[in-house]
Student: 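Below you will find the structure I want to go over with you.
All chains are named by letter (A, B, ...) in the order of the sequence lines, taking the proteins before the strands, and each is independently numbered beginning at 1.
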Number of protein chains: 2
Amino acid sequence: MANNDCRANIIAAAIPLFAAKGLNGVSVRELARAAGENLSMISYYFGGKEGLYAAVLTEQFAVLDKIEEIERTDIDTLQKFELYVRATVSRYRKSPYLLRFYTSELTNPTACFETITKPAIKKVVQTLLKAFTEGLSHEKFRDDLDPADTVLALAGMINFYFLLEPVTADVVDHSPDRDEVLIRHIMDIFTRGVLK
Amino acid sequence: MANNDCRANIIAAAIPLFAAKGLNGVSVRELARAAGENLSMISYYFGGKEGLYAAVLTEQFAVLDKIEEIERTDIDTLQKFELYVRATVSRYRKSPYLLRFYTSELTNPTACFETITKPAIKKVVQTLLKAFTEGLSHEKFRDDLDPADTVLALAGMINFYFLLEPVTADVVDHSPDRDEVLIRHIMDIFTRGVLK
DNA sequence: TATCTTAAATCAAACGTTTGAACAGCATCC
DNA sequence: GGATGCTGTTCAAACGTTTGATTTAAGATA
């Protein structure tokens, strides 16, 4: 019953619920019950269920903005890609629901897709593209590779690993202890693929 | 009028609707209206909305069973992986909603996940794993690579390309004309990564 | 006759949203 | 200082609508 805990409580409770069941899979009553707050607080603070979903999505995707730092960092181009992979893994570890919102919006887009999801993902892709063309101009990378295909391949390797966790959990060890091995593994394949 | 058109009509209309909005995003009334069939037919033929969803999912994932052919084919191990990539692209071209069901079930699993989705995907992963260990025994592949990480990386490259289409459509040409280039590109990176 | 299809009606349950009353804290004013 | 109005917050209750499912009775098909 504390003062403005209410708003934060609702968001905190909504994150795992929306992540697991999607926007249409959760009812406002379920959200309110999980938050331990009154039903009408959702309309009061967020203007309704969709507003709450938008707030959750914005909060989740806020971390993606840090990708810009890669552009400003003065390191070897190839290391920028490693930095991206590392940042991606670390993001998924810190906010374990991010990938769910990410792919859920991609496959079953809501009203938030154009305004929140698409710009957030696009910024990541464009940052990677910029890094690749930089590597090209330094004549470090093969010039017969399509830039977009290449960076999407890298992004696919790391993201798909986490996306398939529900299926591969009993075949692959997904514990954070193995993250370093995974990162080196992916960077190994990628490096051999793009270097001259 | 015609005999079993009704059942087929309902399934055909349900595929794009379920794919776009998910199980909870569509109502039985919307499904019946889109199929041009009576509301009661959904309960009659499928026992309800979830039964229809299960039928749609089963039909969509039926194509994935063809992956087994890769094991029986007597070709070079590396070509088996190319066959997989080709088959994946061709599948997504022929049934453009498959990937949606695929990832929607991964991120927002329904009751069908354990019974339908998980076994279907698992079979693909295990087939790829078998092909990799085969390549290992022939001493064609590097033996310092983790088999699971490697095949997941390949699957990630090709699947993520299609998954991100809604975001990258204005940056990347996703037309089937470019499929051959994409396949060669991914196989190029993969080959350099795994060969001794 | 037996199977299939239709339209309409009905059901309880759940849906998202709104309401009006209550309550706190905090200025303001006589 | 005590009454007053104001603002932001919380609440239980109810709003009207839609949900998925079922049933009915009539018609079509083969």
Student: What heavy-atom pair brings F141(A) and A131(A) nearest, and what distance separates the two atoms?
Tutor: CE1-O, 4.5 Å
Student: Return the value, rounded to whole Å, for the distance between atom CE of M41(A) and atom C1' of dT10(D).
Tutor: 5 Å
Student: Of all the heavy-atom pairs spanning G25(A) and N24(B), show the shortest one and how long it is.
Tutor: CA-ND2, 3.6 Å
Student: For the helix from dT6(C)-dA25(D) to dC30(C)-dG1(D), what angle separates the axis at the start from the axis at the finish, each from five pairs, in steps of 10°?
Tutor: 20°
Student: Assert yes or no for the condition that the ring centre distance of H174(A) to F162(A) is strictly below 6.0 Å.
Tutor: no
Student: What is the distance from atom CG of L163(B) to atom CD1 of I158(B), rounded to the nearest 0.5 Å?
Tutor: 12.0 Å
Student: Could you state the atom-to-atom distance from CG of D5(A) to C1' of dG8(D) in whole Å?
Tutor: 15 Å
Student: Test of understanding: with salt bridge (charged side-chain N to carboxylate O under 4.0 Å, His left out), list the residues that count as partners of K21(B), not counting sequence neighbours.
Tutor: E30(B)
Student: Nearest whole angstrom, please: distance from the C1' of dT6(C) to the OH of Y44(B).
Tutor: 13 Å
Student: Without decimals, in angstroms, what is the distance between E37(B) CD and dA7(C) C1'?
Tutor: 13 Å
Student: Return the orientation label for the F101(B) and Y53(B) ring planes: parallel under 30°, perpendicular over 60°, tilted otherwise.
Tutor: tilted
Student: Let me confirm one number: the CD-CD distance from E71(A) to E69(A), rounded to the nearest 0.5 Å.
Tutor: 11.0 Å
Student: Identify the two heavy atoms, one from A34(B) and one from L17(B), that lie closest to each other, and give their separation to 0.1 Å.
Tutor: CB-CD1, 3.7 Å
Student: Can you give one letter per nucleotide of nucleotides 18-25 of chain D, going 5' to 3': B for a protein heavy atom under 4.0 Å from the base, S for sugar-phosphate only, - for none?
Tutor: -BBBBB--
Student: Measure the distance from CD1 on I10(A) to C1' on dT9(D) and round it to the nearest whole Å.
Tutor: 12 Å
Student: Could you work out which one of dT6(C), dC4(C), dT9(D) sits closest to the side chain of Y45(A)?
Tutor: dT9(D)
Student: Output the rounded distance in Å from CZ (F46(A)) to P (dT17(C)).
Tutor: 13 Å
